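The next block holds one structure in the form of structure tokens; read it before the comments.
Chain letters run A, B, ... following the sequence lines, proteins first and then strands; every chain starts at 1. From a predicted model like this one, the values you see are computed outputs, not experimental measurements.
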Amino acid sequence: MIKTAEYDFKAIEAHWQAFWAEHKTFHAEIDESKKKYWILDMFPYPSGAGLHVGHIEGYTATDILGRYKKAQGFNVLHPMGWDAFGLPAEQHAIATGLHPSINTKKNIDNFRQQMHRIGLGIDWEREINTTDPEYFRWTQWIFLQLFKHGLAYVDQKPVWWCPQLGTVLANEEVVDGKSERGNYPVERKPLRQWVLKITAYGDKLLKGIDSLDWPEATKRQQKQWIGRSEGGLVSFEVKPDITLEVFTTRPDTIFGVSFIAIAPEHGLIDSIVSVEQKHLVEDYRKQVAAKSDLERTDLAKNKTGVFTGSYAVHPFTGERIPIWISDYVLMHHGTGAVMGVPAHDERDFEFAQTYHLPIKQVITLSSNETLPAVGEGVLVNSGKFSGLATLDARKAILSELEHLKVGKTTVQYKLHDWLFSRQRYWGEPFPIVWVEEKDYQYLLACDHSPFKEFLPKTPIAYTENGKSLFAVPLTSKHLPLTLPEVSSYKPTMGSTTPLQNADSSWLNVKMNCSTGEILPADGFVEEGWIAGVRETNTMPQWAGSCWYYLRYLSPHFSNNFVDDKALHYWETPDMYIGGAEHAVLHLLYARFWHQFLFDLGLLPTSEPFKKLFHPGIILGPDGNKMSKSLGNVINPNSVIDEYGADALRLYEMFLGPLEASKPWSLQNVEGVYRFLKKVWREFVDLEGEIAKKMLGSCDSAEFQRLLHETILKVTEAIENLRFNTAISQLMICLNGIQKEPQISKNSAKVFLQLLAPFAPHIAEELWERLGEKASITEAAWPNFDASKCVRSQLKVVVQVNGKVRDEIYVSANAEPSEIIAAAKKASKVVAYLSKGTLVKEIYVPKKLVNFVVIL
RNA sequence: GCUUGAGUGGUGAAAUUGGCAAACACGCUAGACUUAGGAUCUAGUGCCGAAAGGUUUAAGGGUUCGAGUCCCUUCUCAAGCACCA
């Protein structure tokens with residue numbers, strides 16, 4: 001207790017924050033006697049800027065929910081951790097030469113301290129950190145499981161390379177073909193990359209979405225991202241030994257094909273282009289290659305293309321169909337070739353118009369429709385398929401094509417495999433060593449080698465300078481594979497990853513196939529040992545966040561990534577709150593890993609996040625997104641200093657609906673601060689003692705009704721995450737308290753309990769001053785008693801022709817006929833009734849009477 | 001361009017299944033208490049009108065006894081997707 005008559009929020013808040021920490025108030029253990037409630041926040045990246053107002057919005061929301069559920073008797077788990085790998089720490093390291101872990105630790109300490117200062121009820125015993133080797137050993141372990149099961153492979157993929165900066169950049173760091181930092185040109189450079197086969201889970205990821213209690217927009221976004229489309233592959237013969245395969249979702253339009261278009265990168269171009277067209281084709285391909293992705297995908301531009309000089313044969317009509325090259329066809333979708341049906345596809349239509357290609361209508365048009373007609377209809381000019389409805393025709397034509405062995409029903413996904421490696425220092429090292437083929441063969445021949453623990457059925461290999469290298473996975477005993485010290489965190493011009501700057505004793509190793517021992521290579525490899533080079537890419541930041549929620553369940557468990565006992569009790573989060581910007585990144589990746597671990601039998605559920613909620617973005621006071629360049633970033637620390645943490649929490653929750661994006665406006669902090677001061681004044685007298693007013697033995701009936709209405713409304717509002725309306729109801733209740741000469745101590749307690757999730761510090765303080773020994777967090781949530789809310793007198797509104805004209809007060813148990821009779825006598829209504837003819841009476845129980853009168 | 005949301009006072013916003021629009025706050029106006037007020041309290045505050053009253057949820061239309069809420073058209077804003085064959 002703080003001995004003061006003033007609302008000294010600084011002293012009060014510091015006191016109760018220390019109390020909660022000391023008593024481990026929010027520490028959760030498995031307790032089979034209680035129902036569990038696991039609340040998950042998207043854990044933050046601990047940036048140097050510290051906690052921003054958006055973090056506080058989400059974390060306050062989960063804190064309110066957690067404190068409320070605890071009062072409801074749930075065993076609440078509300079953990080927190082740090083998604084601490086990432087680029088800013090690395091850039092800081094490059095600039096200062098200090099190891100990124102130093103700055104990371106500093107930032108984490110700051111974040112933790114700030115969370116402490118806003119009074120979050122977090123179980124700090126379970127804090128995790130993705131950069132902690134004891135954490136990322138399991139990230140590496142899960143990667144090895146993926147590797148073992150054939151879901152991790154290597155591929156040559158183009159990445160953004162900036163010669164001036166000497167580094168590879170992420171897509172987000174490239175703006176209009178220039179580096180975001182320094183504005184230097186960047187180029188596409190193919191590099192060997194690790195890729196996770198997320199497409200193998202395309203169907204499962206898609207199907208699982210329907211079972212999720214997520215915002216519809218987010219579900220839609222994931223579905224769209226996965227982009228499943230059913231259709232068929234159709235082979236067109238070009239030459240006796242060459243066929244061109246196209247993918248189409250509209251096989252029913254096949255009689256309308258008037259050209260075939262293939263992507264400029266298509267592999268068959270060289271073998272089909274005619275001698276006369278060769279020059280034009282080459283020029284076109286060069287032109288396209290020089291275009292940026294932005295220019296190529298600009299929808300506003302006209303379609304361009306060039307004829308190859310070759311023709312394909314229509315599988316049904318035998319017609320010769322010209323083959324064109326055009327950059328509106330994308331190599332990475334389907335087969336990189338499409339059948340052009342101008343009459344029934346907008347893009348093909350545009351292309352055909354530009355190059356004067358025939359437009360053959362093969363589907364009837366609905367009235368007032370013009371070409372291109374992309375809707376459904378009935379087939380015409382389609383040989384024996386004419387007369388079929390398009391939906392039926394799709395099946396019929398595909399099965400005929402299959403019968404002719406020139407087609408196949410198939411499913412395409414927009415989803416691509418996940419590029420999983422980064423040319424960075426500050427990430428999880430891959431637990432992989434590359435060896436030559438003969439050494440790999442040697443390992444395979446070695447019985448019971450520990451290195452076979454994660455060895456895949458099909459070897460993962462790539463070829464460099466004519467030499468094939470094979471991936472050998474480390475064993476679980478070698479984990480964690482920690483980051484080596486490097487002389488520089490910056491990649492040199494010659495190499496592409498900072499880890500290539502590591503000492504040779506880390507980079508070059510020899511492995512004992514039978515014992516599993518790994519030592520620095522010394523140039524001399526004895527019998528039983530094989531030599532190799534470590535993988536020098538690191539994993540992307542998403543890796544650690546793919547499974548972090550599971551680690552909270554048993555953060556110090558060393559035998560497995562999660563303790564089955566804890567998993568059995570806590571299962572998956574009951575509520576996940578975090579930003580919508582992760583709709584298709586983190587939320588998709590994490591589902592992939594979770595489903596994979598589920599398929600291995602390691603998890604009891606197939607989906608990680610049953611219920612998801614996105615808080616809206618808090619904008620700057622000018623209505624723009626907060627950003628350094630606009631200078632509209634709000635520092636929450638100054639608000640805490642001036643008004644206190646309770647005021648900041650209330651303010652952010654009172655700002656508007658949680659899911660809405662809303663501008664910050666400091667003026668309104670005054671409103672909630674006044675509310676808190678008013679609470680204080682009602683409870684504490686001028687001498688600093690508890691106000692006599694709050695210690696009565698009974699309440700007025702009117703106040704009892706208000707109090708129970710408040711219990712109901714606050715409870716429902718919290719359940720529905722509508723904290724702004726909960727707070728307004730608390731304000732109404734306080735205004736009611738203010739008008740009462742005295743209220744019962746019990747009611748005073750109830751009010752504090754309802755306030756406690758929102759403004760926990762002041763609630764604890766006043767609770768203690770009321771004479772309570774235990775923390776308010778131990779008190780059971782107040783019960784709503786509907787009988788306290790019944791009124792003996794009801795107000796009924798009287799309308800004439802839908803307009804309110806009067807109101808009457810009637811006994812709560814009056815009959816409808818009595819009420820209607822009373823309504824007819826209402827002074828303002830009489831005039832209308834006498835002027836016209838009453839044709840209808842409507843009575844809405846306990847609410848209103850409406851008379852329909854013809855005047 | 002497509003998809004999905006959303007548009008309510010000077011401001012942030014409330015409003016069960018269609019049933020008193022603007023709760024709760026901010027701001028503003030007047031008053032009280034004060035040496036003082038950026039403290040506190042009281043009253044008022046959508047718009048027009050002196051009042052009676054009329055009128056009001058982006059605009060227009062419709063359904064209904066009754067529409068912020070349902071349907072149609074248009075406009076504006078936001079988010080996502082963006083040649084995915």
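- Rounded to whole Å, the separation between the C1' atoms of B/G5 and B/A85 comes to 29 Å.
- Within 4.0 Å of A/Asp348, counting heavy atoms only, lies no atom of the nucleic acid at all.
- Partner assigned to B/C70 is B/G62, using Watson-Crick or G-U wobble distances below 3.5 angstrom.
- Remark on RNA chain B: of its neighbouring residues A/Lys840 and A/Ile732, the 5'-side contact belongs to A/Ile732, judged by nearest-heavy-atom nucleotide.
- Electrostatic pairing of A/Lys693 and A/Glu682 counts as a salt bridge here, judged by a charged N lying under 4.0 Å from a carboxylate O.
- A/Val329 comes within contact range of at least one nucleobase, with a heavy-atom separation under 4.0 Å.
- Among the heavy atoms of the strands, none lies under 4.0 Å from A/Arg228.
- Partner assigned to B/G37 is none, using Watson-Crick or G-U wobble distances below 3.5 angstrom.
- Here the side chain of A/Tyr832 pairs no donor or acceptor atom with the backbone of A/Gln799 at under 3.5 angstrom.
- Within the 4.0 angstrom heavy-atom criterion, only backbone atoms of the sugar-phosphate kind lie near A/Leu655; the bases stay farther away.
- Atom CD1 of A/Ile727 is separated from atom P of B/C26 by 13 Å (rounded to the nearest Å).
- Base contact: A/Ile842 has a heavy atom under 4.0 Å from a base atom.
- Pairing partner, B/U45: B/G27, with both Watson-Crick or wobble hydrogen-bond distances short of 3.5 Å.
- Counting non-hydrogen atoms under 4.0 angstrom, A/Gln799 reaches a base of the nucleic acid.
- Base contact: A/Phe654 has a heavy atom under 4.0 Å from a base atom.
- Base pairing of B/C75 is made with B/G7, judged by Watson-Crick or G-U wobble geometry with both donor-acceptor distances under 3.5 Å.
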